[in-house]
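Just so you know, these numbers come straight off a predicted model, no measurement behind them.
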Amino acid sequence: MAACRQRSCWSQLPRDLLSCIAQHLDSRLHVLRFRAVCSSWRASVPLPPKSPSFPKQLGSRGNYPTRKGIPSFLISRMNVYRICRPGFEAASDQKFWFIKVEETKEPNKFKVLSPFSRHPIKSMPPSFPKELNLLSFCVEETVSAFSIRQRREDPDTDVDDHNPLIRKITFASDFISSRSAVVISRGNLWRVTSDGNGNPWNKFNSNIKFRDIANFDGKFVTVDLYGIISERDENTFSLEEIRSTLDQTASECERYFVESCGHLYLVVRDLYICSDQVYYYPKIDGFIKETGDDPVPVKFRVYKRIPCSGDEQNEYDWVEVTDLGDQVFFVSTDCSFSFSTQDSKGCHGNCIIYVDEITDVEHLENKERYEEDDDNNELWHLKNGRVGLFNLADQSSGSLALFPEYLAMFWPPPTWLMGDQASSSS
């Protein structure tokens, strides 16, 4: 009887209190879960506005809209979610798992991507659920990004999962009204505006090779091969700030933006320390390792964007940090994000999980393509030791396979998510 009275109390909470609670929900997913509790909660909070509809087709560069064989691109929303196991509140060793999915043309249908690349996983474990009831688990959106895949004009042609042309695409916050995006293609920076009358591409300085873009604080923030950071207003595209390289010696390095706890960070993989082994190859817009058996040394540096005082030219500065607290940074060309290890038994923060995207010269000369990510053969990047963990405190590194507590967050799917266990928690 007492339990019944307790349940009725939840449904009879004052509407103004529910509205106040809803104002602190920071994602569409959280609002939908809040509304699903009961009818009174649903009536107290309106449906959150929908984001722009995806997938979208983006026209090719150039003035050849009718020419056969000119590629166009399909843009889809891509999300990484953190799924916690049922009953996590009472578990002292709370477990969670990251899943990366991409929207499809069918409503509420997604395809599961490799956590370490943009490639779909062709064969999930047989017991992996076909449907996932989000009310049965604690689900949090970790990062939302976009995938962009090359396609041909023939609508019957499959989208190519191996897209060498475009590295990154980021949209303006008010995409619905501005219809603008920023694209890095073969190292070049483009502004793309879709106004219904075509898709004009406007290229910026072609002598600069860019590595990453972030939409942060109403600005498009970019970083180039040598570490020069620029900030542009996302609506006018006017250049507001430019920061010279943070490196002591300007060098070609891999660079990633990461948002963490409301701040923007720049993660730099220092390749200057192995410049005799690794070099940038413009044709593939990536780094190549020379022939040889010597392993490539791994070193990362992290910089944080902070308000700048006493500088009339720049509003923000970038300072090096050596302690990330309980945060772990995950970096790759595909997407980057951070997460806390507070609820992870056996895991500690202040480290970087990275995808090693340096291409062996033999791989390039043989024109090999990555194998399909297939659970039966493990994931390509894991099988080939291309995912690592770098400890920022002691500067040590190793394959992610050597750190099973961290690996379990990404692969394989946990047993509590599989088959009968997942459905029984509904």
Side-chain angles (χ1 to χ4, degrees), residues 27-29 49-61 71-81 98-121 141-151 158-195 199-202 210-223 232 234-235 237 255-259 264 285 330-338 355 357:
S27 73
R28 175 180 171 83
L29 178 62
K50 288 187 176 182
S51 55
S53 177
F54 288 91
K56 290 183 178 295
Q57 184 161 332
L58 183 67
S60 60
R61 299 192 304 269
S72 61
F73 306 97
L74 188 69
I75 304 169
S76 302
R77 187 179 297 278
M78 177 176 61
N79 294 289
V80 176
Y81 294 104
F98 291 105
I99 182 172
K100 183 162 67 173
V101 297
E102 181 180 285
E103 293 181 352
T104 67
K105 289 184 176 182
E106 299 181 57
N108 300 318
K109 295 285 186 180
F110 302 87
K111 53 185 174 183
V112 180
L113 307 183
S114 164
F116 311 116
S117 75
R118 68 183 63 181
H119 299 175
I121 299 177
E141 182 183 285
T142 303
V143 67
S144 180
F146 298 92
S147 67
I148 181 164
R149 305 181 187 279
Q150 179 179 337
R151 69 184 308 170
D158 291 336
V159 174
D160 189 356
D161 291 332
H162 305 270
N163 176 17
L165 296 177
I166 294 190
R167 176 182 177 90
K168 192 78 173 281
I169 181 168
T170 301
F171 286 89
S173 303
D174 61 341
F175 173 75
I176 296 178
S177 58
S178 67
R179 314 293 291 178
S180 64
V182 178
V183 172
I184 294 178
S185 176
R186 294 289 175 91
N188 296 313
L189 186 68
W190 300 75
R191 184 188 184 189
V192 184
T193 304
S194 177
D195 55 7
N199 297 290
W201 293 67
N202 299 298
F210 291 86
R211 304 313 292 159
D212 204 2
I213 329 165
N215 186 333
F216 186 80
D217 199 20
K219 299 176 183 179
F220 286 124
V221 187
T222 60
V223 62
R232 296 178 180 274
E234 66 172 355
N235 295 314
F237 242 62
R255 306 171 194 273
Y256 311 91
F257 285 121
V258 179
E259 291 188 40
L264 185 64
D285 187 29
F330 177 96
V331 296
S332 72
T333 298
D334 194 41
C335 70
S336 300
F337 57 90
S338 70
V355 178
E357 294 161 323

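- Interatomic distance, Phe210 CZ to Trp190 CH2, rounded to the nearest 0.5 Å: 12.5 Å.
- In this structure, Ser332 OG and Phe116 CZ are separated by 9.5 Å, a value rounded to the nearest 0.5 Å.
- The salt bridge (Lys or Arg N to Asp or Glu O under 4.0 Å) search around Lys168 returns Asp212, not counting sequence neighbours.
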Given Val182 and Ile169, is the side chain to side chain contact (heavy atoms under 4.5 Å, CB included) satisfied, shown in steps?
-> CA-CA 6 Å; Val182 178; Ile169 181 168; over 6 Å; no
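- Residues Lys111 and Glu102 are paired through a salt bridge, judged by an N-O separation under 4.0 Å between the basic side chain and the carboxylate.
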Could you please spell out the steps behind the ring-ring contact (aromatic ring centres under 6.0 Å, His included) verdict for Phe257 and Phe216?
-> CA-CA 10 Å; Phe257 285 121; Phe216 186 80; 9.2 Å; no
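- Every residue two or more places apart in sequence or in another chain that forms a side-chain hydrogen bond (donor to acceptor under 3.5 Å, both in side chains) with Thr333 is listed here: Glu357.
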Taking it one step at a time, do Glu234 and Asn215 satisfy side chain to side chain contact (heavy atoms under 4.5 Å, CB included)?
-> CA-CA 8 Å; Glu234 66 172 355; Asn215 186 333; 3.0 Å; yes
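- Counting heavy atoms from C-beta outward, Ile213 and Ile184 have side chains that approach closer than 4.5 Å.
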Any chance you could lay out the side chain to side chain contact (heavy atoms under 4.5 Å, CB included) test for Leu113 and Ile121, step after step, and finish with the verdict?
-> CA-CA 5 Å; Leu113 307 183; Ile121 299 177; 6.0 Å; no
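- In this pair, Phe98 and Phe337 present their aromatic rings tilted. The plane angle is within the 30 to 60° band.
- By the side-chain hydrogen bond (donor to acceptor under 3.5 Å, both in side chains) test, Asn79 is found to be paired with Ser144, residues two or more places apart in sequence or in another chain being considered.
- Between Arg167 and Asp334 there is no salt bridge, since no side-chain N of the basic residue sits under 4.0 Å from a carboxylate O of the acidic one.
- Within the 4.5 Å cutoff, the side chain of Phe146 has heavy atoms near those of the Arg77 side chain.
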Val258 and Phe330: CA distance, side-chain angles, deciding distance, side chain to side chain contact (heavy atoms under 4.5 Å, CB included) verdict | CA-CA 8 Å; Val258 179; Phe330 177 96; over 6 Å; no
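- Side-chain contact between Ile99 and Val80 is absent, with no heavy atoms from C-beta onward closer than 4.5 Å.
- Using a 4.5 Å heavy-atom cutoff, the side chains of Phe220 and Thr170 are in contact.
- You'll find the side chain of Lys100 reaches within 4.5 Å of the side chain of Cys335, heavy atoms only.
- In this structure, the separation between NZ on Lys109 and CD on Glu103 is 14.0 Å, given to the nearest 0.5 Å.
- In this structure, the separation between CG on Leu189 and CZ on Arg211 is 12.5 Å, given to the nearest 0.5 Å.
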